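Here the structure comes first, spelled out in structure tokens, and everything after it is commentary.
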Amino acid sequence: MIEFLMNGQIEKLDHIDPNLSILEWLRTKMRLTGTKEGCASGDCGACTVITGTPDESGAMSYQAINSCITLMASLHGKELITIEAFQQEPGHPVQSNMVKHHGAQCGFCTPGIVMSLTALHANRKKGGTSNDQILEALSGNLCRCTGYRPIIEASHQAMVEEWQPESGHPAAGIAHKAPASSLTGMHKNSYTLSSPEGCRYDSPVNLDQLRALRREAPASRLVAGGTDLMLEITQQLSTLGHLISVERIPELQGCVLDGSELVIGAATTYQQLRTPLSEHWPAFDAMLERLGSLQIRNRGTLGGNIANASPIGDMPPPLIALGATLVLDGPDGERRLPLDEFFQGYKQTSLQPGEFVHSVRVPVPSANEALYIHKVSKRLDDDISAVLGAFRLTIDKGVVLACRLAFGGMAAVPARALHAEAALTGQPWNEESVQAAITALTSDFSPLSDARASSGYRLQVAGNLLRRTLLASTSLYGEQLMVTDYA
């Protein structure tokens, strides 16, 4: 059985289908149709809801998520808030300002937009909400029939207004940030769900439980945020027989500095790791801003992005460029493996039966080291890379002492450009050496052509990203201009 708080009321569900999404449950079981289905893949934001998750102290942390690709089974011990929670007075400032500033037309996308902005309102800090924060909150919400200008105007006004509902309001928790006493301790319990059809969902709360489950069922599928795995259910109409959640295992969470390495737990979300990782390697900040949408970053995890083994995953190339090491765990204990040895082929990894990714160890910078990350995609926000280049350079007195150049989208796996590295190492950091490295890329990669880009385009772009890095690192104009700066 799972137990959670929805719009102020406790819900208890038993024998629920482990493959059931929050969106499907809301619309078909509860008849709460304010939450819309637009894409069933986490791209449009029409399905956005807010979840509250207790932290170690029991206080609630609220986030906007895509309900179309989030499993009902993940809600145990949490709070779920839907657009229906805001039907009664007092109305939320986001609602009133969306009306006042004409921020809606057909209204299909409006509930999702309201939920994204309401989460931003709940998490705003003293000193105001910037335009960039508003744009980030809206990056995962596609409005099909109106311009974003009135929505942004409504957002700015709403963020400076207070909302003080009474304690009995269905969404009072998000206003008062008070822990829900009815959820106290609930999220710390492990549980198992099963359906009459034989599907199963396990949610362990420590590593020993996870290892035991993996020993018992090595063919089970691991799920954390589920932002990619859920597409097998919503897009391919597959039924996943046995799921094991790693979302509530403390040993797989968080970022800790261990000597000269930052250790990031595999179940740490992109949003959680963004600040600690960017403090050491600032290039990650702009890249993570474009990894999916805020809803995706609130759920997607580092371990999932790596173990998914997609050739166009955004995190592996920069981590390979940094020489990151994976800590793998399983029934036979831990072992370590360089990340660039983990990928064996398209969607194939070095994981043994029952193993899972425990954490990633990322070196921190040494003297004269810098990391550059460049992502090329058809759309600025919430899009998959056609090519992603990540370059770690050690330059002293104008000479490249060492370099690691890694690309995504150029091969069946994220990989280093070894010939290009050899062409650069020991050479002056100038146009001539970079051109030699660009020429060497043809020996490193024979990219495929697909819907995102042709082989020739990918090869040319990969070289251009190296040249862009040269221009950025030797710019006379100070901080380099990023693609996100246009807005």
Side-chain angles (χ1 to χ4, degrees), residues 18-25 35 37-51 53 61 63-75 78 80 112 115-116 119 136-137 139-142 201 203 221-238 240 243-249 252-253 264-274 284 287-316 319 347 349 356-357 360 375 377 379 381-385 388 408 414:
N19 287 256
L20 184 67
S21 71
I22 294 175
L23 175 66
E24 186 176 355
W25 181 78
T35 307
E37 178 175 287
C39 66
S41 59
D43 286 330
C44 75
C47 70
T48 301
V49 296
I50 296 172
T51 54
T53 305
S61 170
Q63 298 173 323
I65 66 165
N66 297 118
S67 63
C68 71
I69 54 171
T70 305
L71 291 168
M72 278 297 298
S74 69
L75 284 179
K78 297 181 181 180
L80 172 65
M115 297 306 284
S116 291
E136 181 183 32
S139 66
N141 292 88
L142 176 62
Y201 180 102
S203 184
R221 304 291 294 276
L222 296 182
V223 57
T227 54
D228 190 84
L229 182 64
M230 277 294 293
L231 301 188
E232 294 185 28
I233 298 173
T234 64
Q235 304 293 299
Q236 301 173 25
L237 305 182
S238 301
L240 304 181
L243 293 166
I244 300 177
S245 171
V246 299
E247 184 179 358
R248 301 188 308 135
I249 299 176
L252 303 184
Q253 301 275 355
I264 306 174
T268 307
T269 67
Y270 305 126
Q271 200 64 7
Q272 291 168 338
L273 65 82
R274 181 175 175 179
F284 275 101
M287 188 274 279
L288 284 166
E289 186 179 352
R290 296 181 58 206
L291 196 160
S293 63
L294 183 58
Q295 291 98 316
I296 294 294
R297 294 193 293 276
N298 284 337
R299 290 288 298 165
T301 63
L302 178 60
N305 193 248
I306 292 171
N308 185 42
S310 169
I312 49 176
D314 283 348
M315 289 301 291
L319 292 175
K347 292 284 187 175
T349 72
F356 54 90
V357 180
V360 183
K375 174 174 177 172
S377 57
R379 191 175 62 219
D381 288 319
D382 197 11
D383 200 7
I384 295 170
S385 296
L388 188 142

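Scope of the values below: all heavy atoms of this structure, side chains included, with no hydrogens, waters or symmetry mates. Because the structure is predicted, anything quoted here is derived from the model rather than measured.
- Sorted by first then second residue, the salt bridge (Lys or Arg N to Asp or Glu O under 4.0 Å) pairs that include residues 222-231, not counting sequence neighbours, number zero.
- Using a 4.5 Å cut-off on side-chain heavy atoms (C-beta onward), F284 and L273 make no contact.
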Quick one: do E24 and M72 satisfy side chain to side chain contact (heavy atoms under 4.5 Å, CB included)? Show the steps, please. CA-CA 9 Å; E24 186 176 355; M72 278 297 298; over 6 Å; no
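- The two residues R248 and S203 make their nearest non-hydrogen contact at NE-OG, 3.0 Å.
- In this view, I233 and N19, L71, M230, L240 satisfy the side chain to side chain contact (heavy atoms under 4.5 Å, CB included) rule, not counting sequence neighbours.
- Looking at S139 and D382, their side chains never come closer than 4.5 Å, going by heavy atoms from C-beta outward.
- For the side chain to side chain contact (heavy atoms under 4.5 Å, CB included) test, residues two or more places apart in sequence or in another chain that qualify with C68 are L23, C47, N66.
- Rounding to the nearest 0.5 angstrom, the gap separating the OG1 atom in T53 from the NZ atom in K78 is 4.5 Å.
- The salt bridge (charged side-chain N to carboxylate O under 4.0 Å, His left out) check on E136 picks up R274, R297, with sequence neighbours excluded.
- Under the side chain to side chain contact (heavy atoms under 4.5 Å, CB included) criterion, S377 pairs with R290, K375, D383, not counting sequence neighbours.
- Of all the heavy atoms in S41 and L231, the pair that sits closest is CA-CD2, 3.5 Å.
- Partners of E232 according to the side-chain hydrogen bond (donor to acceptor under 3.5 Å, both in side chains) rule, which considers only residues two or more places apart in sequence or in another chain, are R221.
- T349 and A309 get closest at one heavy-atom pair: CG2-CB, 3.6 Å.
- Evaluation of the side-chain hydrogen bond (donor to acceptor under 3.5 Å, both in side chains) rule for S21 yields no partner, not counting sequence neighbours.
- For T234, there are no side-chain hydrogen bond (donor to acceptor under 3.5 Å, both in side chains) partners at least two apart in sequence or on another chain.
- Among D314, N305, T301, the one residue that satisfies the side chain to side chain contact (heavy atoms under 4.5 Å, CB included) test with Y270 is N305.
- In this structure, the side chains of I69 and I296 come closer than 4.5 Å at one or more pairs of heavy atoms.
- The minimum heavy-atom distance between C39 and D43, with the atom names listed, is SG-N, 3.2 Å.
- In terms of heavy-atom proximity, P414 sits nearest to S310 at CD-O, 4.0 Å.
- Rounding to the nearest 0.5 Å places CZ of F356 at 6.0 Å from CG of L252.
- Shown here are the side-chain hydrogen bond (donor to acceptor under 3.5 Å, both in side chains) partners of S116, two or more places apart in sequence or in another chain: N141, Q295.
- Counting heavy atoms from C-beta outward, V360 and M315 have side chains that stay 4.5 Å or more apart.
- Annotation: side chain to side chain contact (heavy atoms under 4.5 Å, CB included) contacts of T70 (sequence neighbours excluded): I22, I65, S74, R299.
- Although no hydrogens or angles enter the test, the distance criterion places a donor-acceptor pair under 3.5 Å between the side chain of N298 and the main chain of L294.
- Here the side chain of Q235 pairs a donor or acceptor atom with the backbone of A40 at under 3.5 angstrom.
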